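Reviewing the structure listed below.
Here the structure is a predicted model, which means the values were calculated and not measured. Reckoned from all heavy atoms, side chains included, excluding hydrogens, waters and symmetry mates.
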Amino acid sequence: MKFVDEYRREEDARKLIAAIHRLVTKPWTIMEVCGGQTHTILKSGIDRLLPPEVTVVHGPGCPVCVTPLELIDKAIALARMPRIIFTSFGDMLRVPGSDGDLLSVKAQGGDVRMVYSPLDALRLAQKNPEREIVFFAVGFETTAPANAMAIWQARQMGLKNFSVLCAQVRVPPAIELILNDPHNKVQGFIAAGHVCTVMGYWEYEPIAEKYRVPIVVTGFEPLDLLQGIYMVLRALEEGRWGVENQYVRSVRREGNLQAQRLMGEVFQICDRQWRGIGLVRGGGLCLKPEFSEFDAERRFGLQGITVSESPVCIAGDILQGKKKPYDCPAFGRDCTPEHPLGAPMVSSEGACAAYYQYGRER
C-alpha cells in the first residue's frame with residue numbers, strides 16, 4: 001500500500017533504532033504532543049525499543065481529553081432539551097460529565113446523533129427546519145477549518161436553526177504552558193504533523209527560540225515516529241534548538257493558507273479552560289462577534305452549570321507529561337474503557353486508553 005507500507009518496514013525501523021542507541025549518551029525526556037502518535041508508539045512498541053536513557057511522555061494533544069468538563073455538562077444539558085438534535089463525533093458521546101454522558105442522554109430519549117463531519121450536521125439543519133441542530137465543535141487546528149466552513153455555509157444559506165457548542169483548542173499555547181511549568185522535565189517535542197499541515201510550523205519557531213528546545217514536526221507511522229525521535233535526540237545531543245520538519249511529504253512551513261484564512265474569518269483566538277489543566281491563555285478559538293448568532297451557549301442561555309470532577313482521576317498530570325497512566329490508582333481497576341472516570345480512557349486518542357489497550361503497566 002503506497003504511502004503506508006514504506007513507513008512500516010521492519011528493516012528500516014531496526015536501522016533507526018540502532019542509530020538512536022548509538023546517538024544517546026545521557027538521559028533525555030521528550031514529549032509527543034498528539035494522542036494519535038501516542039497510540040502508534042504504544043502499538044508498535046517503540047517505547048520499549050528506545051534506550052533506557054530516553055523517556056517518552058505524552059502530551060495534551062487529544063481534543064476529546066482536554067474539552068473542559070463545563071462544556072461536556074453544557075452539551076448534556078443541550079441534548080436534554082426537547083427541540084434540539086445534538087450532534088457530535090463518536091468519541092465525545094462517552095466522555096463522562098459531572099452526571100452521566102451524552103450516550104446516557106440518548107438512552108433516556110434525547111435526540112443525540114453521531115456525525116462524521118460538521119457538514120452532516122448542516123444537512124440535518126436543512127432537512128429539519130422545525131428542530132434546532134447543535135454541533136459540538138471539538139478539536140485542534142485540524143478540525144477548525146471544516147467547522148469554520150460549516151458555520152460560514154450556514155450563514156450563506158441563511159440557516160436559523162444551526163449552532164455550535166464551540167470547544168476549539170490550539171496547540172502552541174499548550175506547549176508554552178508546559179514549558180513554563182516550574183516542574184517541567186520535557187526537553188524536546190514531537191509536534192503533530194496533521195496540525196502543522198493546516199497551520200505550518202512558523203508558530204513553533206519563536207517557542208523553540210524562547211525556551212531553547214528542539215521541536216520536530218512528525219508524522220504518524222512507526223518510521224515517522226522513530227525518525228522524529230531521532231531528530232529530537234540528535235538536536236539535544238548536539239545542544240541545538242529550533243524547529244525541524246520530518247513530515248515533509250505533508251507539511252510546509254506556512255501551512256495551508258486557504259484553511260487559515262477561512263479559520264480567521266470565522267474564529268478568533270481566545271483564552272480557554274482545558275480539562276485537567278486549567279486556563280490556557282490563547283489556547284482556544286471562539287466565534288467572532290459577527291458569527292455569534294451561531295453560538296449555542298448564547299442562543300440557549302446555558303448559565304449556572306456547576307461541575308464535579310472525579311477526585312481520583314489524574315488526567316491533568318498525564319496530559320502534561322508529569323505522570324504516566326499507570327501512576328493513577330484507578331487505572332485498569334476503577335477506570336477502564338467500559339467504565340471510564342476520565343476522558344483519556346474514553347478517547348481513541350487518549351493516553352490511558354492506549355496504555356490499557358496495549359498492556360502497559362509499571
**Message:** Is the distance between the ring centroids of His194 and Tyr247 under 6.0 Å?
**Reply:**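 That pair fails the under 6.0 Å test.
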**Prompt:** Is the distance between the ring centroids of His39 and Tyr355 under 6.0 Å?
**Reply:** no
Can any side-chain N or O of [X] pair as donor or acceptor with the backbone N or O of [Y] at less than 3.5 Å?
{"X": "Arg170", "Y": "Gly282", "value": "yes"}
{"X": "Arg281", "Y": "Pro173", "value": "no"}
{"X": "Ser347", "Y": "Ala343", "value": "no"}
{"X": "Thr87", "Y": "Val134", "value": "yes"}

**Request:** Considering non-hydrogen atoms only, spot the tightest contact between Gln37 and Leu225 and give its length.
**Result:** CB-CD1, 4.0 Å
**Pairs involving residues 286-341, ordered by first then second residue, that meet disulfide bond (SG atoms under 2.5 Å apart) (sequence neighbours left out)** = Cys270-Cys286
**Request:** Kindly state each residue pair satisfying disulfide bond (SG atoms under 2.5 Å apart) with at least one member in residues 22-129, sequence neighbours excluded.
**Result:**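 Applying disulfide bond (SG atoms under 2.5 Å apart) to every pair that reaches into residues 22-129, excluding sequence neighbours, yields nothing.
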**Fill in**
Which of Phe162, Phe294, Phe89, Phe86 passes ring-ring contact (aromatic ring centres under 6.0 Å, His included) with Phe135? Answer is Phe89
Pairs of donor and acceptor atoms involving the side chains of residues 97-107, under 3.5 Å and at least two apart or interchain, shall be tabulated with distances.
| residue | atom | partner | partner atom | Å |
| --- | --- | --- | --- | --- |
| Ser98 | OG | Asp73 | OD2 | 2.5 |
| Ser98 | OG | Ser308 | N | 2.7 |
| Asp101 | OD1 | Leu103 | N | 3.2 |
| Asp101 | OD1 | Ser104 | N | 2.7 |
| Asp101 | OD1 | Ser104 | OG | 3.2 |
| Ser104 | OG | Asp101 | N | 3.1 |
| Ser104 | OG | Asp101 | O | 2.6 |
| Lys106 | NZ | Val112 | O | 2.8 |

**Message:** Given Val56, which partner from the list Thr29, Ile30, Thr38, Asp47 fulfils the side chain to side chain contact (heavy atoms under 4.5 Å, CB included) test?
**Reply:**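 Answer to the side chain to side chain contact (heavy atoms under 4.5 Å, CB included) test with Val56 among Thr29, Ile30, Thr38, Asp47: Ile30.
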Taking atom types as modelled and ignoring hydrogens, do the side chains of [X] and [Y] form a donor-acceptor contact shorter than 3.5 angstrom?
{"X": "Tyr211", "Y": "Asn180", "result": "yes"}
{"X": "Thr67", "Y": "Arg275", "result": "no"}
{"X": "Trp202", "Y": "Glu254", "result": "no"}
{"X": "Thr25", "Y": "Glu237", "result": "yes"}

**cation_pi(Arg252, Tyr201) dist<6.0 Å, angle<=45** =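 No, cation not above the ring by the 6.0 Å, 45° rule.
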**Message:** Could you check whether Arg155 makes a cation-pi contact with Phe291, meaning its NZ or CZ is under 6.0 Å from the centre of the six-membered ring and within 45° of the ring axis?
**Reply:** yes
**Carboxylate-amine/guanidinium proximity below 4.0 Å for Lys322 and Asp327** = no
